[in-house]
Each structure stands twice: as structure tokens, then as C-alpha cells.
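Single-structure report; data block below.
Residue numbering restarts at 1 for every chain, and letters A, B, ... go by the order of the sequence lines. Everything quoted here is computed from the prediction, not taken from an experiment. Below, each value reflects all heavy atoms present in this structure, side chains not excepted, and no hydrogens, waters or symmetry copies.
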There are 2 protein chains.
Amino acid sequence: MGISERKEREKQEMQDLILKAAAKIFLNEGFDKASIRKIADAIEYSPATIYLYFKDKNELFYAIQKQAFHKFFNYFQTVSPNQEPIERLRNLGEVYIKFAIENPGYYDLMFIMRAPMESIENTHDWDEGSKSHNVLHEIVNQCVEKGHFNGQDPFIVAHAIWSFVHGLSALYVRDRMKMFPEKNRENMITEALGVFNDWMKKL
Amino acid sequence: MGISERKEREKQEMQDLILKAAAKIFLNEGFDKASIRKIADAIEYSPATIYLYFKDKNELFYAIQKQAFHKFFNYFQTVSPNQEPIERLRNLGEVYIKFAIENPGYYDLMFIMRAPMESIENTHDWDEGSKSHNVLHEIVNQCVEKGHFNGQDPFIVAHAIWSFVHGLSALYVRDRMKMFPEKNRENMITEALGVFNDWMKKL
DNA sequence: ATAATCTACTAAACGGTGTTTAGCAAAAAT
DNA sequence: ATTTTTGCTAAACACCGTTTAGTAGATTAT
């Protein structure tokens with residue numbers, strides 16, 4: 001019975017169509033401007049149709065967040081595997097920042113905005129994010145095995161490192177660096193990351 | 001001519017009334033629920049009246065942000081002045097986190113939300129925030145004078161430290177720690193801050 | 001082939017939002 | 001006493017997310 005398969009495929013295609021239009025408007029004009037009505041207009045369907053494919057606006061953006069995490073993970077895959085763990089950690093930080101600067105809208109959705117998180121109840125819903133998070137944990141563990149961060153809990157060390165790169169990214173994405181209008185914001189981030197990496201080598 | 005003075009005073013009192021009601025609703029129910037209509041209702045005036053005292057909702061929340069920065073600065077004043085700069089720096093980090101945990105709504109408004117920043121054009125509008133920021137810079141400079149962070153740009157070091165504590169705070173305030181449901185989030189922050197302080201002592 | 005059912009979709013409405021406009025009563029100035 | 005100014009609001013405008021009731025067309029059953 002090929003009909004139900006076609007139906008399934010069409011449902012998938014419709015979801016993708018909505019997702020694609022929503023992501024485009026969101027990245028170009030922001031969350032508030034990406035209204036259900038505007039998204040519906042872009043794909044030439046009525047607003048009510050969107051609710052046949054997504055429970056509400058939060059679930060729609062939870063789906064976009066998943067795609068963002070996928071892209072994020074791909075960035076992580078470019079981290080050189082054949083190097084000292086401490087070098088890989090440095091590389092990971094650079095790639096993290098690179099993603100945030102090149103995809104501020106996605107970064108916002110993943111780590112700052114509230115909307116997509118309201119569709120997350122159990123840990124399972126965070127799977128896509130955990131994949132990237134595990135990369136960090138693995139590398140930190142390797143660093144500890146090689147004698148770095150002596151005596152400190154790898155879980156806490158990983159959280160400290162995440163917090164640092166998130167802090168850099170979040171201040172950038174949410175425009176808290178315009179207090180230094182004479183400074184180049186991207187350079188500031190790179191330099192601060194450099195300082196941090198110098199510190200970590202000594203630990 | 002006492003009339004214009006009374007008028008001025010009454011205008012000030014009305015602004016305070018609006019601000020107080022708005023802050024209360026915002027802190028208890030969040031930004032979206034703090035609608036102009038709801039604020040107007042709380043003070044028993046019509047919604048249009050609020051626009052006689054504030055240009056728009058963004059300016060209203062910019063005013064609340066200013067008050068938040070004032071409170072933030074008071075937290076900073078509790079940092080012990082008669083100690084080694086590196087100890088004061090440690091203390092400053094603790095107080096920063098303490099503020100974020102005790103006043104998540106205010107923290108959000110100061111360092112994460114977009115709304116109040118849309119009323120900021122020139123550096124002058126950020127004065128209230130700069131005051132606190134200068135405290136950090138001063139302490140970092142004293143640390144450098146005492147031989148810490150050798151050779152590194154104090155401005156960048158300060159930004160790195162700010163990014164770190166902001167990262168911890170922002171992940172907490174925006175609920176990105178529920179991925180570790182078995183962990184106590186406040187403890188995690190404290191431990192990560194402890195790890196960071198240990199690092200800094202060695203630099 | 002026809003009748004019954006089910007599917008995909010939408011028009012319209014509900015109850016909200018920020019903001020602006022026109023007008024009015026009371027206070028102040030003349 | 002009359003004019004002007006001030007402080008305020010009712011009502012409207014143009015949006016928003018979401019739900020409901022209903023319909024045209026595809027699918028299934030007879």
C-alpha cells in the first residue's frame with residue numbers, strides 16, 4: 001500500500017517547507033517578526049495549517065533548534081583528531097566561537113532563547129545538544145588522562161570551559177560589547193580566547 | 001513659583017509608580033506578561049497614560065535596567081577592600097554570581113534581554129553599567145601591578161573574566177543546566193567558580 | 001459507479017499585544 | 001471671567017498566537 005507512504009512523505013515535505021520558511025524569516029528578521037501568519041504567507045498556506053504540523057510556535061522553533069544543533073555538531077567534526085588533547089581543546093573553543101559569530105541567530109536559539117526550551121521536558125529531548133556536549137567531555141577527560149587539570153573534577157572543568165566560551169558568545173550575540181565602541185568585537189573575543197588558552201596550558 | 005516644582009515632583013512620583021508596578025509584574029511573571037495594559041491596570045490608570053511618561057515599552061524597561069544596575073553596584077560595594085587584589089577578584093566573582101542567582105530577572109534584563117538595549121545609542125546611556133564594570137577593571141589592574149597575569153593585556157583579561165562569570169550566570173538564568181537534572185545547579189556554579197579561582201591564583 | 005468516510009485545508013473568530021489619535025474636564029494663566 | 005494649557009482616557013489601528021467550525025476533494029467501501 002504505497003498511499004500511506006506517499007502521505008507520510010508529503011507530511012515530511014510539508015514540515016520541511018514550513019521549517020525552511022520559518023528559519024529563513026527568523027534568521028533574517030528575528031523571532032518576533034517570524035510570526036505564524038508571516039510564515040504561512042511565505043509558503044502560501046493559511047496560518048491554521050501550520051498547527052496541523054506543529055503543536056505551537058515553541059515546538060516549531062524547537063525543531064529549528066534541532067537543526068541548529070546538527071549544524072553545530074558538524075562544526076565540531078572539523079576539530080583535528082590527531083593531536084594532543086590540549087590542542088584539540090583549544091581547537092574546539094575556536095570552532096565554538098566561530099559558530100557563534102557565523103550563526104548568531106542559531107546560537108541564540110540553542111543557548112539563549114527561552115521559546116524552544118519550553119518543549120523540552122525529559123533529558124531525551126536534548127539528545128541533539130548532548131552529542132556536541134559529549135565531544136567536550138571526551139576531550140576534557142583525555143586532557144585529564146594526560147595530566148592536565150590535576151585533581152579537578154572533569155565534569156566541573158568541562159562546565160567551566162563551556163561557561164567561558166558561552167559567556168564570550170552570549171555577550172557578542174546579545175550586543176553587550178557595544179560599550180567598547182572603539183574596539184573590534186571579533187578581535188576582542190579572539191584575544192580573550194587566546195588568554196584563556198594560555199592559562200589552560202599551564203594547568 | 002512653587003507650582004512648577006510640584007508638577008515636577010508629581011511627574012517624578014508618577015514615573016516611580018509606573019516603574020514600581022512594572023518591575024513587580026516583570027519579576028513575578030516575566031517580560032511578556034508585564035504588558036502595558038496590565039501595568040496600567042495595577043496602578044489604576046489607562047494604558048495611554050504610561051506613554052506620557054515613557055516613550056515606549058523598551059524605554060520603560062531601560063529605566064528598570066538602570067535600577068537593576070544600581071542594585072548590582074551595591075552588591076559590588078560589599079567586596080572587601082582591605083585584601084590582596086587576587087582575593088578581591090575572587091570575592092567579586094562570588095558576589096557577581098550571588099547577584100545573578102538572587103536576582104535572575106534583573107540579571108536577565110541587564111545582560112541578556114534585547115528590549116532595554118534598544119534605547120541605548122551612545123556610550124553615555126550605559127553609565128550605570130560602566131560603574132560596575134570599572135570596579136572589575138580596577139581590581140584586574142591591581143592584580144597586574146602585583147605581578148599576576150604577567151604580560152597580558154588587562155583589558156582583555158578583564159573581558160575574559162567577565163565572560164566566564166557571565167557564562168555561568170547566563171546558562172543558569174536561561175535554564176541550560178536542566179540537561180544535568182541530577183546535579184544541583186547552584187553547587188555546579190559554585191564549584192566551577194572555585195576551579196576558575198584556583199586557576200587564576202597560578203597566573 | 002455510487003455512497004460513505006476520511007483527510008487536508010481554511011475563514012473567521014477569540015482574546016490578547018504595543019501604540020496613536022482625538023477629545024474632554026479640570027487646572028493654570030491671562 | 002476668559003483663554004490656554006495640562007493630565008488623562010476611550011477608542012481605534014494593526015498586529016499577534018491559537019482554536020473552532022465547516023468544506024472541498026481524495027480515499028475507501030459497497
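- Taking only side-chain nitrogens and oxygens, B/Y45 never comes nearer than 4.0 Å to OP1 or OP2 of D/dT9.
- Atoms CG (B/D41) and P (D/dT9) sit 12 Å apart, rounded to a whole Å.
- Side-chain contact of A/Q12 with A/E8: a donor-acceptor pair under 3.5 Å is absent, judged by distance alone.
- Computed from C1' positions of five pairs at each end, the angle between the two local axes of the helix from C/dA1-D/dT30 to C/dT30-D/dA1 equals 10°, rounded to 10 degrees.
- No hydrogens or angles considered: a donor-acceptor pair under 3.5 Å links the side chains of B/Y75 and B/E102.
- Between B/Y107 and B/F99, the angle of the ring planes lies from 30° to 60°, which puts this pair in the tilted group.
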Problem set entry | Reading 5' to 3' through nucleotides 10-26 of chain D, protein heavy-atom contacts under 4.0 Å coded B for base, S for sugar-phosphate only, - for none | B-B---BBBB-------
Is there any protein nitrogen or oxygen under 3.5 Å from a nitrogen or oxygen in nucleotides 23-26 of chain C, and what are the pairs?
none

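- Relative orientation of the A/H133 and A/H137 rings is tilted, given thresholds of 30° and 60° on the angle between their planes.
- In this model, a donor atom of one side chain and an acceptor atom of the other lie less than 3.5 Å apart for B/E186 and B/Y172.
- Atom CE in B/M14 sits about 13 Å away from atom C1' in D/dT6, given to the nearest Å.
- With B/R174 contributing its side chain and B/D108 its backbone, the two residues share no donor-acceptor pair below 3.5 Å.
- Ring pair A/F69/A/F72 is perpendicular by interplanar angle, where above 60° counts as perpendicular and below 30° as parallel.
- Residue B/Y53 places at least one side-chain N or O under 4.0 Å from the OP1 or OP2 atom of D/dC8.
- Here A/F54 lies out of heavy-atom contact (under 4.0 Å) with every strand.
- Using cut-offs of 30° and 60° on the angle between ring planes, the pair B/F155 and A/F180 is perpendicular.
- Remark: B/K57 is positioned above the aromatic ring of B/F31, its terminal NZ or CZ atom under 6.0 angstrom from the ring centre and at most 45 degrees off the axis.
- Between A/S80 and A/N91, the side chains place a donor N or O and an acceptor N or O closer than 3.5 Å (distance only, hydrogens not considered).
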